[in-house]
Amino acid sequence: MDLIYQILAYGMMLYSYAIIIYILMSWFPGARESSIGQMLGSIVEPYLEPFRKIIPPIGGMIDISPIVAIIVLQMAMRGLDFIFRLI
């Protein structure tokens with residue numbers, strides 16, 4: 001059971017890092033159009049899309065939905081930790 005928990009927790013941690021890297025890539029022109037940016041986009045965008053539908057950008061420019069998505073992912077990691085500590 002501990003191995004399953006470690007794999008899931010490590011995967012969720014890597015996914016949150018992928019989101020952060022993808023968001024930081026928006027600060028550099030052309031970074032998201034690179035092969036790495038497109039690969040990260042294909043991994044991260046399906047998760048970010050529902051949050052972008054619910055949370056509109058602030059002032060038409062500032063998108064806070066990735067922050068909310070990371071917070072939800074962190075809460076899921078804590079829930080996973082709680083569930084596996086009970087077992």
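Computed from a predicted structure; not experimentally measured.
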Between Y15 and L73 (side chain of the first, backbone of the second, donor and acceptor by atom type, cut-off under 3.5 Å), is there such a pair? no
Looking only at heavy atoms, the pair that brings G41 and P46 closest together is O-CD, 3.9 Å
Just how far is it from atom OH of Y17 to atom CG of L14, taken to the nearest 0.5 Å? 8.0 Å
Close side-chain approach of F51 to I64, heavy-atom, < 4.5 Å: no
Which heavy atom in M25 sits nearest to a heavy atom in A31, and how many Å separate them? CE-O, 3.0 Å
Are any side-chain N or O atoms of Y5 and backbone N or O atoms of L80, one a donor and one an acceptor, separated by less than 3.5 Å? no
Taking all atoms of both residues into account, what is the closest heavy-atom pair of A18 and L40, and its distance? CB-CD2, 3.8 Å
Look up atom CD1 in I23 and atom CG in L48, then write down how far apart they are to the nearest 0.5 Å. 5.5 Å
From F28 atom CZ to S34 atom OG, the distance as rounded to the nearest 0.5 Å: 11.5 Å
Could you walk me through whether Q38 and R32 pass the side chain to side chain contact (heavy atoms under 4.5 Å, CB included) test, one step at a time? CA-CA 6 Å; Q38 289 178 354; R32 284 191 177 174; over 6 Å; no
Quick one: does D2's side chain get under 4.5 Å of F84's, heavy atoms only? no
Of all heavy-atom pairs linking M77 and A9, the shortest is CE-O, 4.0 Å
Does a sphere of radius 6.0 Å around CD1 in I20 hold more than 12 heavy atoms from other residues, nucleotides or ligands, not counting ones at 6.0 Å or beyond? yes
Can you tell me how far apart CZ (F82) and CZ (R85) are? Round to the nearest 0.5 Å. 11.5 Å
Please evaluate residues E45 and R52 with respect to the criterion side chain to side chain contact (heavy atoms under 4.5 Å, CB included), reporting the C-alpha separation (whole Å), side-chain torsions for both, the decisive distance (0.1 Å), and the verdict. CA-CA 10 Å; E45 280 296 333; R52 288 193 174 131; 2.7 Å; yes
First locate atom CG of D81, then atom CE of M12, and finally report the distance between them rounded to the nearest 0.5 Å. 11.0 Å
I'd like to know if L24 and Y22 are part of one continuous hydrophobic network [Ile/Leu/Val/Met/Phe/Trp/Tyr, side-chain heavy atoms within less than 4.5 Å]. yes
Closest heavy-atom contact between I54 and P56? O-CD, 3.4 Å
Single-linkage hydrophobic cluster, 4.5 Å side-chain cutoff, M13 and L3 together: no
